[in-house]
Amino acid sequence: MVLAVVPPPVTVRVPAKVNLHLAVGDVRPDGYHDLVTIFQALSLVDEVTVAVADEPGVEVHGEGADQVPTGASNLAWRAVQLLAAHVGKDADDPKVRVVIRKAIPVAGGMAGGSADAAATLVGLSSLWRLDISRDELAGLAGKLGADVPFALYGGTALGTGRGERIVPVLGRHQFHWVLAFDRRGLSTPDVFDELDRLRADGDPPRVGAVEAVLEGLSSGDPRQLALLLGNDLQAAAVSLRPNLRRTLRAGVDAGALAGIVSGSGPTTAFLCEDADTAVRVAAELAGAGVCRTVRVAHGPVPGARAIATEEPKPTPPEVHA
Ligand SMILES: C[C@](O)(CO)[C@H](O)COP(=O)(O)OP(=O)(O)OC[C@H]1O[C@@H](n2ccc(N)nc2=O)[C@H](O)[C@@H]1O
Ligand SMILES: Nc1ncnc2c1ncn2[C@@H]1O[C@H](COP(=O)(O)OP(=O)(O)OP(=O)(O)O)[C@@H](O)[C@H]1O
């Protein structure tokens with residue numbers, strides 16, 4: 001007689017990101033743009049639970065869940081299939097259920113789908129007891145999307161290439177943010193296309209040198225860092241969503257040190273002097289009627305990591321002759 005033990009579900013918490021600096025190069029033959037970016041992982045997290053199941057699939061709950069596909073195009077499901085194929089499991093029938101609880105806005109420029117994919121890779125590595133390093137997972141993550149590797153590492157990091165080549169930036173300082181979610185999402189490729197169009201027609205602003213931002217970070221002084229935040233995609237996001245100009249102004253009027261569009265937008269992120277100021281800015285921004293929802297967050301926080309496991313539940317014994 002053999003007792004078949006079903007491994008317990010694994011829940012992984014994974015952060016959103018903001019780009020403190022995002023320099024976008026020219027479009028490449030593969031349609032991507034070379035980037036130099038500094039990511040920071042924020043305390044706005046999705047939770048992803050992976051479990052062995054006879055009925056495989058994806059379930060999505062929470063913030064914007066109705067806009068997230070639950071079929072094969074869900075980035076978390078693509079992560080299941082990619083990892084299954086990589087370790088020699090049946091990618092078409094991986095016998096896994098993925099439950100996503102979203103807090104990161106969908107199509108918000110905060111890498112929510114990428115975060116879920118990274119969390120799925122980490123969760124499955126544990127569920128399937130794989131002997132796989134974070135660097136090997138990062139190689140797989142980069143195939144799923146430019147933002148996926150960073151969500152594995154978290155913290156603050158320099159990203160180059162398509163954004164998928166990650167080098168950690170060390171630092172002890174916490175920064176305090178207010179995030180304003182817009183009423184609808186923006187498509188990332190549309191925002192990159194809009195930047196190409198603006199550049200073909202004129203000369204939209206470009207961010208300065210990344211070294212200055214690294215120095216601002218290491219100073220730990222939010223007032224210094226605030227002067228250095230920059231995002232080449234901001235002009236494109238504002239061009240597609242002109243109301244963001246008003247949101248950016250409202251955050252600074254409410255007492256933030258600076259505001260930027262997060263990644264490809266339309267979420268705007270406001271750096272504040274300290275935690276108390278962030279709460280005050282959030283309250284005032286929420287009352288200004290310039291966005292759908294406001295959140296307070298701090299960063300950096302760690303990347304995707306398992307938070308809970310239950311005791312294994314033995315299934316009814318299988319009897320072998
Ligand atoms: C805007 C950022 O969030 C900044 O961190 C990322 O560059 C976007 O990362 P992502 O959503 O993971 O991007 P992917 O899913 O890999 O790519 C979606 C689309 O965005 C555009 N894209 C993305 C990354 C990049 N370096 N250049 C691009 O032009 C391409 O049109 C691509 O087809
Ligand atoms: N798990 C997922 N969570 C959210 N969106 C997903 C997911 N899987 C697929 N998608 C699709 O991807 C699109 C982009 O979603 P996502 O939330 O990742 O955007 P984003 O935060 O702007 O991405 P990024 O900042 O990486 O450019 C959504 O419109 C949705 O259709």
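First listed ligand is number 1; within each ligand, the first listed atom is number 1. Note that the structure is predicted; figures quoted are calculated from it, not measured.
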**Study point:** Proximity flag Phe150 to ligand 1, non-hydrogen atoms under 4.0 Å
**Key:** no
Review point. What do you reckon, does Gly163 put a non-hydrogen atom under 4.0 Å from ligand 1?
Key: no
Check your understanding: Cluster question for you: counting only ILVMFWY and a side-chain heavy-atom cut-off of under 4.5 Å, with indirect links fine, are Leu158 and Tyr32 together?
Key -> no
Review point. So Phe150 and Phe39, would you call those rings parallel, tilted or perpendicular, with 30° and 60° as cut-offs?
Key: parallel
**Study point:** Of the listed options Ala119, Ser262, Ala111, Gly185, closest to atom 23 (O) of ligand 2 (non-hydrogen atoms)
**Key:** Ala111
Check your understanding: Between the candidates Asp46, Leu75, Val68, Leu233, which shows the shortest non-hydrogen contact distance to atom 9 (C) of ligand 2?
Key -> Leu75
Check your understanding: Which atoms of ligand 1 have any heavy atom of Leu35 under 4.0 Å away?
Key -> 7 (O), 26 (N)
Write out the residue and atom name of the closest protein heavy atom to [atom], then the distance separating them to 0.1 Å.
atom: atom 5 (O) of ligand 1; answer: Asp147 OD1, 2.8 Å
atom: atom 15 (O) of ligand 1; answer: Gly145 CA, 4.2 Å
atom: atom 29 (O) of ligand 1; answer: His33 ND1, 2.6 Å
atom: atom 25 (C) of ligand 1; answer: Tyr32 CD2, 3.3 Å
atom: atom 19 (C) of ligand 1; answer: Pro189 CG, 3.9 Å
atom: atom 4 (C) of ligand 1; answer: Asn19 ND2, 3.6 Å

Is it true that a side-chain atom of [X] and a backbone atom of [Y] form a donor plus acceptor pair closer than 3.5 Å?
X: Thr247; Y: Val290; answer: yes
X: Asn19; Y: Thr37; answer: no
X: Arg165; Y: Gly159; answer: no
X: Asp116; Y: Ala76; answer: no

Review point. Quick one: does atom 12 (O) of ligand 2 have a protein heavy atom under 4.0 Å from it?
Key: no
Review point. If you count the atoms of ligand 2 from 1 in the order shown, which ones are under 4.0 Å from a heavy atom of Ser264?
Key: 27 (O)
Review point. Any heavy atom of Arg78 sitting closer than 4.0 Å to ligand 2?
Key: no
Exercise for review: Could you see which bit of Asp193 sits under 4.0 Å from ligand 1, with heavy atoms only: side chain, backbone, both or neither?
Suggested key: neither
**Study point:** Residue portion contacting ligand 1 (non-hydrogen atoms closer than 4.0 Å) for Val27
**Key:** neither
